[in-house]
Amino acid sequence: MAETFESQSSYQQLQAINDALSSGMYVHVRKMLHHMPAPDVAFLLESTPAKSRAVLWQLIDPEFHGDVLEELSEDVRNGIIRQMVPEKLADALEDMDTDDLAELLRGLPDTIFQQVLHSMDEQDRVRAEQALSFGEGTAGSIMNTDTITLRPEVTVDVILRYLRLKGEVPEDTDAFYVVNRHDKLIGIVPVIRLLTSTSDMTVEELMDEDAETIPVDMPESEVAKLFERYNWISAPVVDSEDRLLGRITIDDVVDIIREEAEHSMMSMAGLDDEEDTFAPVMKSTGRRSIWLGVNLVTALLAAMVSDLFEATLSQLAVLAILNTIVPSMGGVAGNQTLTLVIRGMALGHVSPSNSRWLVSKELAIGALNGVIWAVLIAGVVAIWKQDLMLGAIIAFAMMVNMLAAGLAGATLPLLMKKLKIDPALAGSVILTTITDVVGIFAFLGTATLLMMP
């Protein structure tokens with residue numbers, strides 16, 4: 001039964017469990033959940049409405065609660081935690097990795113956090129306090145302390161006998177760390193080198209002394225870039241005095257990369273990247289209404305600009321027909337530039353040393369695009385409406401708005417980063433406002449000057 005269930009796709013697993021729940025086959029559901037890996041159980045919980053999710057959680061073996069909590073998104077995890085008594089939650093956190101423990105505890109309301117901390121035994125409490133001592137979003141907050149350290153004078157034979165006695169090594173171990181008596185990192189020994197060396201060689205003879213290390217206060221986004229650049233599997237984390245504190249492994253970095261990608265994608269729509277797909281209606285409505293309100297304000301601002309030219313629009317109805325073309329083209333061009341710059345910033349390609357060149361490049365692209373599409377739209381409008389003046393006016397407005405779109409798309413992310421505002425979250429809204437206002441004003445303003453009696 002276990003093999004059959006594990007061979008099913010995630011969709012089939014979800015359907016099978018939902019069918020069993022609907023039929024009241026709770027014992028059968030419990031057995032199915034027992035044979036599923038923690039990531040799959042977490043996926044099922046995230047793919048289930050809140051009412052069924054509560055039932056599923058009760059059917060999961062309490063021994064695996066910690067493993068499942070590690071895999072859940074923040075919003076879903078917090079919803080489950082609110083239903084748990086502090087003592088049960090403390091038991092679930094007992095064997096959790098240090099980095100996951102810190103992330104989970106940081107997301108708890110202060111009252112629940114204090115209750116959970118009080119329910120822990122002394123060893124887990126110390127471990128939790130140590131994990132929380134590092135700043136959120138830094139290398140220290142995502143590192144694990146499960147490292148194997150070696151002394152430089154120890155031989156390969158002693159190390160191999162120790163490993164056989166221990167019977168296991170931490171996951172994703174590709175190197176052992178060499179420290180002195182003050183825990184200062186002095187080198188690393190790759191596992192493959194240890195296994196292929198003669199038994200009488202010492203660690204000092206095998207170790208690399210110039211190994212790359214990660215400062216404990218380095219932002220996690222920078223850590224991810226280093227792993228991507230150098231294809232690391234793991235890397236040691238040190239303090240300001242080069243004392244070994246722990247290590248970061250590739251699985252943690254993959255999580256960071258995925259979270260950043262989700263954050264960028266969801267932020268473009270004004271949504272929280274941790275939002276629960278099956279959250280209650282009122283909760284989801286409240287979150288989404290914030291950015292819908294912001295968008296309404298910006299739309300009203302563009303409408304107010306159009307209202308300034310009400311007399312012009314009432315006398316020249318053709319302008320109302322063409323009025324959406326220039327803002328639309330500017331919005332698309334600006335968002336292309338905005339997306340490109342945000343991507344460059346995320347990859348670390350954009351810096352103060354090259355930002356001025358980048359802005360100049362996007363201005364040049366805006367000017368060239370402006371000329372191309374201004375000539376094209378001028379010809380189309382002049383032939384369509386049999387009016388050369390109208391074609392010239394829309395061409396001028398297109399040129400102005402393309403330049404504004406290129407300038408805004410390139411400078412907005414740089415400016416917002418300096419102001420500590422996420423450009424992925426607010427950049428598109430502000431950019432659209434700029435291109436709408438500039439486009440409408442350039443088109444209707446020029447038409448008013450040149451075509452009104």
Side-chain angles (χ1 to χ4, degrees), residues 135-139 142 210 212-232 235 237 240 248 250 253-270 273 329-374 398-439:
E136 186 174 4
T138 64
I142 60 171
D210 57 348
E212 296 284 346
T213 60
I214 296 177
V216 69
D217 56 354
M218 176 181 282
E220 60 181 25
S221 58
E222 295 298 320
V223 174
K225 291 172 187 175
L226 290 176
F227 268 77
E228 181 183 11
R229 187 180 308 159
Y230 297 116
N231 296 320
W232 289 340
V237 179
S240 58
I248 294 174
I250 186 63
V253 175
V254 170
D255 289 340
I256 294 169
I257 295 172
R258 177 182 55 80
E259 288 167 5
E260 289 186 347
E262 289 181 358
H263 173 74
S264 297
M265 180 181 67
M266 298 290 280
S267 292
M268 289 294 185
D273 51 299
M329 289 291 289
V332 172
N335 272 300
Q336 288 176 339
T337 302
L338 182 79
T339 303
L340 183 71
V341 174
I342 291 176
R343 173 181 174 272
M345 292 169 61
L347 294 174
H349 296 167
V350 179
S351 64
S353 63
N354 59 22
S355 58
R356 182 170 296 183
W357 184 91
L358 181 61
V359 172
S360 301
K361 173 204 168 187
E362 293 303 327
L363 265 176
I365 293 173
L368 186 57
N369 269 329
V371 170
I372 294 171
W373 296 107
M398 182 73 74
M399 185 73 189
V400 170
N401 207 25
M402 283 293 191
L403 283 170
L407 181 63
T411 57
L412 270 175
L414 301 172
L415 179 61
M416 296 176 80
K417 184 178 181 181
K418 287 184 178 180
L419 298 175
K420 308 297 184 184
I421 301 173
D422 185 358
L425 184 60
S428 182
V429 175
I430 298 175
L431 175 72
T432 302
T433 303
I434 292 173
T435 54
D436 283 354
V437 170
V438 171

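Count residues from 1 along the sequence.
Remark: N369 CG to M329 CE distance equals 7.5 Å, nearest 0.5 Å. Atom CD1 of residue I430 and atom CG of residue L415 lie 8.5 Å apart, to the nearest 0.5 angstrom. In this structure, CG in L419 is found 11.0 Å from CG in L414, a value given to the nearest 0.5 Å. In this structure, M218 CE and T138 OG1 are separated by 11.0 Å, a value rounded to the nearest 0.5 Å. Rounded to the nearest 0.5 Å, atoms CD1 (I365) and CG (L403) are 12.0 Å apart.
With a 4.5 Å cut-off on side-chain heavy atoms, V253 and W232 do not count as touching. Contact annotation: the side chain of I142 approaches that of I256 to within less than 4.5 Å [non-hydrogen atoms, C-beta and beyond]. The closest side-chain heavy-atom distance from L412 to P423 is not below 4.5 Å. At a threshold of 4.5 Å between non-hydrogen side-chain atoms, the residues D255 and R258 count as touching. Proximity of T433 to D436: side-chain heavy atoms (C-beta onward) are nowhere separated by under 4.5 Å. Between V237 and V223 there is no side-chain heavy-atom pair separated by less than 4.5 Å. Side-chain contact check for L340 versus E362: some heavy-atom pair is nearer than 4.5 Å.
Contact detail for A408 and I434: the closest heavy-atom pair is CB-CD1, 4.0 Å. G366 and M402 get closest at one heavy-atom pair: O-CB, 3.4 Å. Heavy atoms only, all atoms of each residue included: G330 and A405 are closest at O-CB, 3.3 Å. Of all non-hydrogen atoms in I214 and A235, the two that sit nearest each other are CD1-CB, 3.7 Å. Here the shortest heavy-atom pairing between T337 and G409 reads CG2-C, 3.6 Å. Across I257 and A224, no two heavy atoms sit closer than the pair CG1-CB, 4.1 Å.
Between the side chain of N401 and the main chain of T435, a donor-acceptor pair closer than 3.5 Å is present. N354 places a side-chain N or O within 3.5 Å of a backbone atom of H349 that can act as its donor or acceptor partner.
The residues E222 and K225 are annotated as salt-bridged, a charged nitrogen and a carboxylate oxygen being separated by less than 4.0 angstrom.
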